[in-house]
Number of protein chains: 2
Amino acid sequence: MTPFDALSTPLARRLRDGLDRICTVMRADQWGVAEESGLNPTQAHVLTFVAGRGATGMRVRSIADHLGVAQPTATDSIGALVRKGLLTKVADPEDARAVAIRVTPAGHDVVRGLGLAITSAERALETLSMKEQSTLLGLVIKTIRALQQAGAIPPQRLCVSCRYFRAYVHDDEDIPHHCALVDAPFGGRHLRLDCPEHEQAEPEALDAAWKVFDRGADDLPMST
Amino acid sequence: MTPFDALSTPLARRLRDGLDRICTVMRADQWGVAEESGLNPTQAHVLTFVAGRGATGMRVRSIADHLGVAQPTATDSIGALVRKGLLTKVADPEDARAVAIRVTPAGHDVVRGLGLAITSAERALETLSMKEQSTLLGLVIKTIRALQQAGAIPPQRLCVSCRYFRAYVHDDEDIPHHCALVDAPFGGRHLRLDCPEHEQAEPEALDAAWKVFDRGADDLPMST
DNA sequence: ACAAAATAAATAGGAGTCCTATTTATTAAA
DNA sequence: TTTAATAAATAGGACTCCTATTTATTTTGT
């Protein structure tokens, strides 16, 4: 039918390479943003991660896993942040081998500053239509799920893997989902990738939820 | 209607953060792949970039721009690759200030090896349906265009910006586009992000092509 | 033609990433 | 309890990545 099927690189490969291009920009963006706070991208990443989760203190290991780097690398970056007074390390009461890493007040200030920046990647994504953005979000979430299932990244706090999530339970196609925690309907464009209120659903429930989500997103009839 | 519109982070921001998660995996992937060849991700990136374009020799500046790093950083990495015998630097005949950087035969061998690896990101993308992958490709391309227009990345050799590209000229919805260079129809799933045969279209033609592409991808009638 | 401005790349200098391998504690298991 | 597994730190080394500056050329404006 067309010679392209045979000749071109596999679709998934091209997709990966395309995402890689976007990643390049994001790295460069991050230097710009982080630098204003006297940090580099890795430090900024560590700091915001701990700020987002570590009210009670994070372990070195989970920080390393989240960043996708070796544990000594995380130790390095945490050290740099401790030196700058943005993180503290205290003994973990539950395990004498471990440390609990927390953000200092100064650290929280920096995190706030980092959050204000709008990067060129974000601006580029804003040029897509709402519908496109929301489609893209769905596809990104599915990709993250696959990565999670493959063990390539630690579990994320996704709406779709939450016990309070109910996929496609409303007729309104604009906001077909429901969050049982706040007891409100919402739509694909509202799906979160890292919800603080997330509570992991049971495996069977999770499977079922994903199935509904998969079916719904692809080719749902346009009404009811 | 739903409290989520008011409460949640902007869609583009969540999208960026989601892509960021995928980037993290890709960085980690790249360590694994590159390391087998005795390289690190940056070196692998430089090497494949030069191999893909630099038959006649690349400038330090374009390599730096492609990687999104400062020029001295590119000098560093090029130096590491020259030391390893994978790149060579020769005086540029057109400009005595510049150098032409080329891949050595040993370098080409390494590039071949790098290309064989299948990363976990690629595998994750393969779990999406063909339709989803091809939708995602379209959205990635649009995002790259926006980044290009904002000057955040140098021009890519995209089908859609090529003078041989004809968007939506065929009735067959599976392969609606046409490449005038090879004179064959092809579909969204075949779109390239870095085609060696690419020739930049004139600005007005480009605008027109993008317009057709934009309209087509979003909500084209299902037949004819 | 010629000083001034712009450009190509290298250098200097320094903080910090990132790795593997190993060591030091502590906790869990056989 | 030995033995294993785990949490984190250390050691050591190659390189990334930055800003600022320097050294050559080219390009421009007069």
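A, B, ... follow the sequence lines: proteins, then strands. Residue 1 opens every chain.
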Quiz prompt | Side-chain (Ser134(A)) to main-chain (Gly188(A)) donor-acceptor, under 3.5 angstrom | solution = no
Quiz item: Given atom CD1 of Ile63(B) and atom P of dA8(C), what is their separation to the nearest angstrom?
Solution: 13 Å
Quiz item: Start at the 5' end of DNA chain C and walk down; is the nucleotide closest to Ala100(B) or to Ala80(A) reached first?
Solution: Ala100(B)
Quiz prompt | Any Thr75(B) side-chain N or O less than 4.0 Å from OP1/OP2 of dA9(C) | solution = no
Practice problem: Among dA10(C), dC17(D), dT16(D), find the nucleotide with the atom closest to the side chain of Val60(B). | Solution: dA10(C)
Quiz item: Between Asp65(B) (CG) and dA9(C) (P), how many Å, whole number?
Solution: 10 Å
Quiz item: To the side chain of Pro72(B), which of dT20(C), dC15(D), dC18(D) is closest?
Solution: dC18(D)
Quiz item: Does a distance-only test, which skips hydrogens and angles, find a donor-acceptor pair under 3.5 Å between the side chain of Asp76(A) and the base of dC18(C)?
Solution: yes
Quiz item: Are Lys84(A) and dG16(C) close enough that a side-chain N or O sits under 4.0 Å from OP1 or OP2?
Solution: yes
Practice problem: Nearest whole angstrom, please: distance from the P of dT17(C) to the CG of Leu67(A). | Solution: 10 Å
Quiz item: Closest heavy-atom contact between Ala74(A) and Ala64(A)?
Solution: CB-CB, 3.7 Å
Quiz prompt | Residue closer to the 5' end of DNA chain D, Ala70(B) versus Arg83(B) (nearest nucleotide) | solution = Arg83(B)
Practice problem: Describe the nucleic acid contact of Asn40(A) in one word from base, sugar-phosphate, nothing, applying a heavy-atom distance below 4.0 Å. | Solution: sugar-phosphate
Practice problem: Could you check which of dC19(C), dC17(D), dT19(D) has an atom nearest any side-chain atom of Trp31(B)? | Solution: dC19(C)
Quiz prompt | Whole-Å gap separating P (dC18(C)) and CD1 (Ile78(A)) | solution = 13 Å
Quiz item: Contact class for Thr42(A) vs. all strands (heavy atom < 4.0 Å): base, sugar-phosphate, or nothing?
Solution: sugar-phosphate
Quiz item: What is the distance from CD of Gln30(B) to C1' of dT17(C), rounded to the nearest Å?
Solution: 15 Å
Quiz item: Atom CG of Leu87(B) and atom P of dC15(D): how far apart are they, to the nearest Å?
Solution: 13 Å
Quiz item: Which atoms form the tightest heavy-atom contact between Ala167(B) and His177(B), and what is the distance?
Solution: CA-ND1, 3.6 Å
Practice problem: Output yes when Asp17(B) and Arg14(B) qualify as a salt bridge under the 4.0 Å nitrogen-oxygen rule, no when they do not. | Solution: no
Practice problem: Please test Asp95(B) against Arg59(B) for side-chain contact (heavy atoms from CB on, under 4.5 Å), starting from the C-alpha separation and ending with a verdict. | Solution: CA-CA 11 Å; Asp95(B) 187 334; Arg59(B) 296 284 180 83; 3.8 Å; yes
Quiz prompt | side-chain contact (heavy atoms from CB on, under 4.5 Å) between Arg53(B) and Asp194(B), intermediate numbers included | solution = CA-CA 10 Å; Arg53(B) 309 228 191 168; Asp194(B) 191 35; 3.3 Å; yes
Practice problem: Calculate the interatomic distance between Gln43(A) atom CD and dT16(D) atom P; express it in whole Å. | Solution: 19 Å
Quiz item: Which residue pairs satisfy the disulfide bond (SG atoms under 2.5 Å apart) criterion with at least one member in residues 19-81 of chain B, sequence neighbours excluded?
Solution: Cys23(A)-Cys23(B)
Quiz item: Between dT16(D) atom P and Arg27(A) atom CZ, what is the distance in whole Å?
Solution: 13 Å
Quiz item: Considering only side-chain heavy atoms of Arg61(A), which listed nucleotide, dA7(D), dA9(C), dT17(C), is closest?
Solution: dA7(D)
Self-check item: Pair Asp214(B) + Lys211(B), salt bridge at N-O below 4.0 Å
Solution: no
Exercise. For each nucleotide in nucleotides 22-30 of chain C, reading 5' to 3', give B when a protein heavy atom comes within less than 4.0 Å of its base, S when such contact involves only the sugar-phosphate, and - otherwise.
Key: ---BBS---
Exercise. Taking only the side-chain nitrogens and oxygens of Thr73(A), find out if one of them lies under 4.0 Å from OP1 or OP2 of dC19(C).
Key: yes
Quiz prompt | 5′-ward residue of the pair Glu35(B)/Lys89(B) relative to DNA chain C | solution = Lys89(B)
